[in-house]
Amino acid sequence: MHKEIQKRFFSLITSQEPLYASLNNPIQTYKELIHYRFKEVILSTFERFCSHLKESHLDELITAFIQSCPQTPLIWQMPNEFRHFLSREKSLKSLPFMDDLLWFEWVEVELFMNPYQTPKEEYFDWNQAYRLSESALLRELNFPVFHQENYHEGGIYPLLVYYHFETHEVHFQELTPFLKQFVDLLNDHTAQDALEKISAQFEVDEKEVQKLLQEPLESFVENYILQSKEL
């Protein structure tokens with residue numbers, strides 16, 4: 001009986017059907033409170049994305065999302081489920097940068113909220129293999145959504161996003177496609193082997209490339225963006 005009552009209650013608060021005597025119906029109050037709470041969290045997470053929508057459209061999307069029965073039990077993770085829900089929404093096809101912008105706004109929350117162990121201090125070594133740490137993400141975007149405006153032009157924009165252990169903030173850095181490809185090579189090669197491979201691929205002087213990469217790679221290890229690994 002208890003489960004049936006819960007099921008009935010959930011059905012009422014997620015349904016779009018008008019309630020009997022809605023002005024005085026406590027179920028209507030629950031529906032409005034739930035919608036308000038979802039909207040509050042979504043607006044705080046996806047502030048820039050929501051600025052592209054009319055409020056009425058956003059309310060419609062949130063209502064449809066609630067009806068889809070979100071599964072996450074944690075309110076701070078709910079925007080990520082909303083993000084995946086929007087990827088199937090046909091009414092947003094006029095915003096080609098939507099996926100990149102939603103990811104960019106969400107990943108700041110994700111990296112900030114994730115629990116981290118205090119990382120081990122390391123120094124960059126060309127003979128060592130490296131991988132991205134758990135506090136960093138590297139993604140190739142189709143639109144430069146990390147700019148505050150003028151991000152409608154498509155292209156290739158590698159972006160590094162990472163949690164900074166000194167400032168306790170999430171930082172981001174645009175990478176060149178060359179540096180992004182080099183970091184990808186580090187998954188299966190030592191830094192020296194990756195240097196030789198990419199220099200041969202682009203037919204550039206290995207020593208010159210090493211000079212160009214030395215500073216950013218030292219910074220990546222110093223800021224725990226890259227961690228050493230065994231091959």
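Atom set for the values below is all heavy atoms of this structure, side chains included, hydrogens, waters and symmetry mates excluded.
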Side chains of [X] and [Y]: does their closest heavy-atom pair fall under 4.5 Å?
{"X": "K120", "Y": "Q227", "value": "no"}
{"X": "T190", "Y": "Y130", "value": "no"}
{"X": "L58", "Y": "L43", "value": "yes"}
{"X": "E208", "Y": "L212", "value": "no"}
{"X": "E108", "Y": "V161", "value": "no"}

Before you tell me yes or no, could you show the steps for S228 and E122 under side-chain hydrogen bond (donor to acceptor under 3.5 Å, both in side chains), namely the whole-Å CA-CA distance, both residues' side-chain angles and the distance that decides it to 0.1 Å? CA-CA 8 Å; S228 59; E122 296 183 350; 2.8 Å; yes
Whether [X] side chain and [Y] backbone form a donor-acceptor pair below 3.5 Å:
{"X": "H147", "Y": "E149", "result": "no"}
{"X": "H57", "Y": "L53", "result": "no"}
{"X": "E105", "Y": "F49", "result": "yes"}
{"X": "Q71", "Y": "C69", "result": "yes"}
{"X": "S44", "Y": "V41", "result": "yes"}
{"X": "D100", "Y": "L141", "result": "no"}
{"X": "N223", "Y": "I225", "result": "no"}
{"X": "R48", "Y": "V145", "result": "yes"}

Give me the atom names and distance for the closest heavy-atom approach of [X] to [Y].
{"X": "F143", "Y": "H152", "answer": "CE2-O, 3.2 Å"}
{"X": "D184", "Y": "K180", "answer": "OD2-NZ, 2.8 Å"}
{"X": "E121", "Y": "Y224", "answer": "CA-CE2, 4.0 Å"}
{"X": "H35", "Y": "I66", "answer": "CA-CD1, 4.0 Å"}
{"X": "F165", "Y": "S135", "answer": "CE1-OG, 3.6 Å"}
{"X": "L179", "Y": "L175", "answer": "CD2-CD2, 3.8 Å"}

Straight-line distance of [X] [atom1] to [Y] [atom2], nearest 0.5 Å:
{"X": "Q173", "Y": "L138", "atom1": "CD", "atom2": "CG", "answer": "10.5 Å"}
{"X": "L101", "Y": "S51", "atom1": "CG", "atom2": "OG", "answer": "7.5 Å"}
{"X": "K211", "Y": "D205", "atom1": "NZ", "atom2": "CG", "answer": "8.5 Å"}
{"X": "R83", "Y": "T45", "atom1": "CZ", "atom2": "OG1", "answer": "11.5 Å"}
{"X": "H84", "Y": "R88", "atom1": "NE2", "atom2": "CZ", "answer": "9.0 Å"}
{"X": "K54", "Y": "D59", "atom1": "NZ", "atom2": "CG", "answer": "13.5 Å"}

Can you tell me if [atom1] on [X] sees more than 12 non-hydrogen neighbours from other groups inside 6.0 Å?
{"X": "E134", "atom1": "CD", "answer": "no"}
{"X": "Y116", "atom1": "OH", "answer": "yes"}
{"X": "I156", "atom1": "CD1", "answer": "no"}

Between W126 and F124, how do the two ring planes meet: parallel, tilted or perpendicular, split at 30° and 60°?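 It falls in the perpendicular class, over 60°.
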Identified ring pair (Phe, Tyr, Trp, His ring centres under 6.0 Å) partner of F172 from the options Y157, W103, F104: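 Per the ring pair (Phe, Tyr, Trp, His ring centres under 6.0 Å) rule, the option paired with F172 is F104, out of Y157, W103, F104.
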Can you check side-chain contact (heavy atoms from CB on, under 4.5 Å) on E218 and Y123, steps first, answer last? CA-CA 7 Å; E218 288 178 350; Y123 299 93; over 6 Å; no
Does [X] share a hydrophobic cluster with [Y], counting links as ILVMFWY side-chain heavy atoms below 4.5 Å and allowing steps through other members?
{"X": "L217", "Y": "L159", "result": "no"}
{"X": "V204", "Y": "L185", "result": "yes"}
{"X": "V107", "Y": "Y162", "result": "no"}
{"X": "V109", "Y": "L160", "result": "no"}
{"X": "Y36", "Y": "I62", "result": "no"}

Distance alone, cut at 3.5 Å: any donor-acceptor contact between the side chains of [X] and [Y]?
{"X": "S199", "Y": "E206", "answer": "no"}
{"X": "Y163", "Y": "H171", "answer": "no"}
{"X": "Q210", "Y": "Q214", "answer": "no"}

Does the separation of the ring centres of F46 and H52 fall below 6.0 angstrom?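 Judged by ring-centre distance (under 6.0 Å), F46 and H52 do not meet the cut-off.
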Check step by step if side-chain hydrogen bond (donor to acceptor under 3.5 Å, both in side chains) holds for Q192 and Q128. CA-CA 8 Å; Q192 182 61 43; Q128 180 65 53; over 6 Å; no
Trace of the side-chain contact (heavy atoms from CB on, under 4.5 Å) decision for C50 with I42: CA-CA 8 Å; C50 291; I42 287 168; 4.0 Å; yes
Apply side-chain contact (heavy atoms from CB on, under 4.5 Å) to residues L132 and L137 and explain how you reach the verdict. CA-CA 7 Å; L132 278 179; L137 292 169; 5.9 Å; no
V209 vs F182, test: side-chain contact (heavy atoms from CB on, under 4.5 Å). Steps then yes/no. CA-CA 11 Å; V209 174; F182 181 84; 5.9 Å; no
Verify salt bridge (charged side-chain N to carboxylate O under 4.0 Å, His left out) between K39 and E55, making sure each step is shown before the conclusion. CA-CA 10 Å; K39 186 175 182 179; E55 186 171 6; 2.6 Å; yes
Output, in order, the C-alpha distance, side-chain angles, deciding distance and verdict of salt bridge (charged side-chain N to carboxylate O under 4.0 Å, His left out) for K197 and D193. CA-CA 6 Å; K197 188 176 182 66; D193 288 342; over 6 Å; no
